[in-house]
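Okay, structure first, notes after.
Just so you know, these numbers use all the heavy atoms, side chains as well, and skip hydrogens, waters and symmetry mates. What you see is a predicted model; the values in this text were computed from it and never measured. Just so you know, residue 1 is the first one in the sequence shown, and it goes up from there.
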Amino acid sequence: QQFTMKFSFFALLLPVAASAKNLRIPTTTADEECCSGACTVEGEEKYYSIDTRHDLCGECCMKPEDYNLYHIFERGLKKAEDGDLSPCTTLNYPKYTETVTHGAGPIKMTLDLYDHADKAGAGECCSGACTVEGEEKYYSVDTRHDLCGECCMKPEDYNLYHIFERGLKKAEDGDLSPCTTLNYPKYTETVTHGAGPIKMTLDLYDHADAKLCAFPLQDDGTCSDDTELCEYSEGNVECCTQGEMCIPNVGCRC
């Protein structure tokens with residue numbers, strides 16, 4: 001499962017390199033970075049790829065003559081700029097997470113995976129300028145719950161997501177905080193809506209004077225007498241002030 005979910009690098013190797021229908025190309029992990037800094041094997045150079053779906057960056061060392069082969073399976077594969085020994089750090093993915101080997105036999109690659117210093121979920125995913133090449137800032141106002149959401153997405157994906165979110169709009173050029181512009185300056189949380197290939201991670205913002213109506217569970221795992229349990233997504237709960245809404249994928253809403 002880690003092979004398909006953690007990183008898309010060589011995801012298409014399975015049908016190409018394996019003749020047996022149920023054969024699974026393995027993924028192995030290592031405890032130390034394989035490719036940090038300059039490549040040490042003669043003839044190899046630094047390459048990288050951004051997995052925009054899972055928001056990770058991968059670095060590997062490979063021979064330039066092998067590029068065309070691996071580029072078939074990873075269209076985002078690029079050669080690092082001359083002198084850039086840490087392209088993932090340059091692209092705002094400085095946090096090393098693990099080293100993995102994808103593939104088998106003659107077609108396999110060992111790479112280091114890097115994440116953002118402040119991973120989405122622990123903080124905002126999309127604050128300020130979008131960091132992934134080709135992505136731009138979009139927003140939508142949820143008038144029913146009076147919240148504003150910001151996300152980063154590719155313009156060519158707009159028509160697809162606009163089907164599900166009719167209020168989705170592209171931010172004005174130069175407006176990196178459209179929710180603040182629309183009087184929703186208070187960051188509340190980062191959520192992911194959807195599933196599979198059709199999902200979007202976004203930051204939710206509220207008005208500056210929004211009332212507090214969500215509280216954590218007590219030490220015994222229950223809500224206080226004047227609040228009600230809200231399970232707004234699988235495994236995520238909080239306590240809402242009685243009479244307030246419990247909104248799926250959002251939580252308590254005053």
Side-chain angles (χ1 to χ4, degrees), residues 50-57 91-93 115-216 227-228 230-254:
I50 300 293
D51 174 9
T52 57
R53 181 178 178 186
H54 304 114
D55 200 19
L56 294 171
C57 179
L91 294 170
N92 197 32
Y93 295 83
D115 205 342
H116 295 294
D118 52 348
K119 182 65 177 178
E124 295 155 286
C125 69
C126 312
S127 177
C130 296
T131 58
V132 176
E133 184 178 0
E135 291 189 350
E136 298 182 9
K137 178 65 66 74
Y138 287 77
Y139 72 94
S140 179
V141 173
D142 176 1
T143 55
R144 179 181 178 187
H145 303 118
D146 201 19
L147 293 170
C148 180
E150 291 184 12
C151 67
C152 290
M153 59 180 280
K154 294 180 178 179
E156 55 263 36
D157 294 333
Y158 172 79
N159 288 337
L160 171 62
Y161 287 102
H162 189 233
I163 295 172
F164 306 104
E165 177 50 55
R166 301 306 297 177
L168 184 64
K169 298 179 181 180
K170 186 179 182 298
E172 295 289 334
D173 290 343
D175 187 354
L176 303 181
S177 302
C179 287
T180 297
T181 302
L182 295 171
N183 197 31
Y184 295 86
K186 185 179 180 181
Y187 168 74
T188 60
E189 63 181 330
T190 297
V191 297
T192 298
H193 292 168
I198 304 178
K199 62 181 179 180
M200 181 63 65
T201 299
L202 61 148
D203 296 327
L204 294 181
Y205 294 87
D206 207 340
H207 296 292
D209 57 353
K211 295 185 298 181
L212 179 65
C213 60
F215 302 90
T227 61
E228 300 173 338
C230 170
E231 183 173 4
Y232 56 91
S233 63
E234 185 176 357
N236 294 308
V237 298
E238 58 189 11
C239 301
C240 299
T241 302
Q242 289 184 359
E244 303 297 353
M245 292 183 293
C246 176
I247 304 172
N249 297 314
V250 174
C252 302
R253 175 64 184 154
C254 300

Residues that [X] engages under salt bridge (Lys or Arg N to Asp or Glu O under 4.0 Å), provided they are two or more places apart:
| X | result |
| --- | --- |
| Glu133 | Lys78 |
| Lys170 | Glu136, Asp173 |
| Glu165 | none |

field: Under the ring pair (Phe, Tyr, Trp, His ring centres under 6.0 Å) test, residues paired with Tyr158 that sit two or more places apart
entry: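 In terms of ring pair (Phe, Tyr, Trp, His ring centres under 6.0 Å), with neighbours along the sequence ignored, Tyr158 is linked to Tyr138, His162.
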
message: According to ring pair (Phe, Tyr, Trp, His ring centres under 6.0 Å), who are the partners of Tyr205, at least two apart in sequence or on a separate chain?
response: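 Only Tyr187 meet the ring pair (Phe, Tyr, Trp, His ring centres under 6.0 Å) criterion with Tyr205.
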
Can you give me the closest heavy-atom contact between [X] and [Y], atom names plus distance?
| X | Y | result |
| --- | --- | --- |
| Thr190 | Glu124 | OG1-CA, 3.5 Å |
| Pro155 | Gly134 | CD-O, 3.4 Å |
| Gly128 | Lys137 | O-NZ, 2.9 Å |
| Asp203 | Ser127 | OD2-N, 3.5 Å |
| Gly149 | Leu202 | CA-CD1, 4.0 Å |

query: Within the side chain of His207, is there an N or O that forms a donor-acceptor pair under 3.5 Å with the backbone of Asn183?
result: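 It does hold such a pair.
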
- request: List for me each residue that meets side chain to side chain contact (heavy atoms under 4.5 Å, CB included) alongside Thr181, sequence neighbours excluded, and say none if there are none.
  value: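 So Thr181 forms a side chain to side chain contact (heavy atoms under 4.5 Å, CB included) with Asp175.
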
Within-4.5 Å side-chain heavy-atom neighbours: [X] and [Y]:
| X | Y | value |
| --- | --- | --- |
| Asp157 | Met200 | no |
| Lys154 | Glu135 | yes |
| Gln242 | Glu228 | yes |
| Asp206 | Leu147 | yes |

field: Atom CD of Glu172 with >12 non-hydrogen neighbours under 6.0 angstrom
entry: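 Counting neighbours around CD of Glu172, 12 or fewer heavy atoms of other residues, nucleotides or ligands fall under 6.0 Å, so no.
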
Interatomic spacing from SG in Cys125 to CD in Glu150 - rounded to 0.5 Å: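 Reported to 0.5 Å precision, the distance equals 9.0 Å.
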
- prompt: How many angstroms lie between OH in Tyr161 and CG in Leu168, if you round to the nearest 0.5 Å?
  reply: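 Answer for the OH-CG pair, Tyr161 versus Leu168, is 10.5 Å.
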
query: Are Cys152 and Cys130 close enough, and set up right, to give a disulfide bond (SG atoms under 2.5 Å apart), and what steps lead you there?
result: CA-CA 6 Å; Cys152 290; Cys130 296; 2.1 Å; yes

- prompt: Between Cys246 and Cys230, is the SG-SG gap less than 2.5 Å?
  reply: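 Cysteines Cys246 and Cys230 qualify as a disulfide pair, their SG atoms being under 2.5 Å apart.
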
message: Please report whether the SG atoms of Cys148 and Cys179 are separated by less than 2.5 angstrom.
response: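 Cys179 pairs with Cys148 as a disulfide (SG atoms under 2.5 Å apart), so yes.
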
field: Test side chain to side chain contact (heavy atoms under 4.5 Å, CB included) applied to Leu204 and Tyr184, step by step
entry: CA-CA 9 Å; Leu204 294 181; Tyr184 295 86; over 6 Å; no

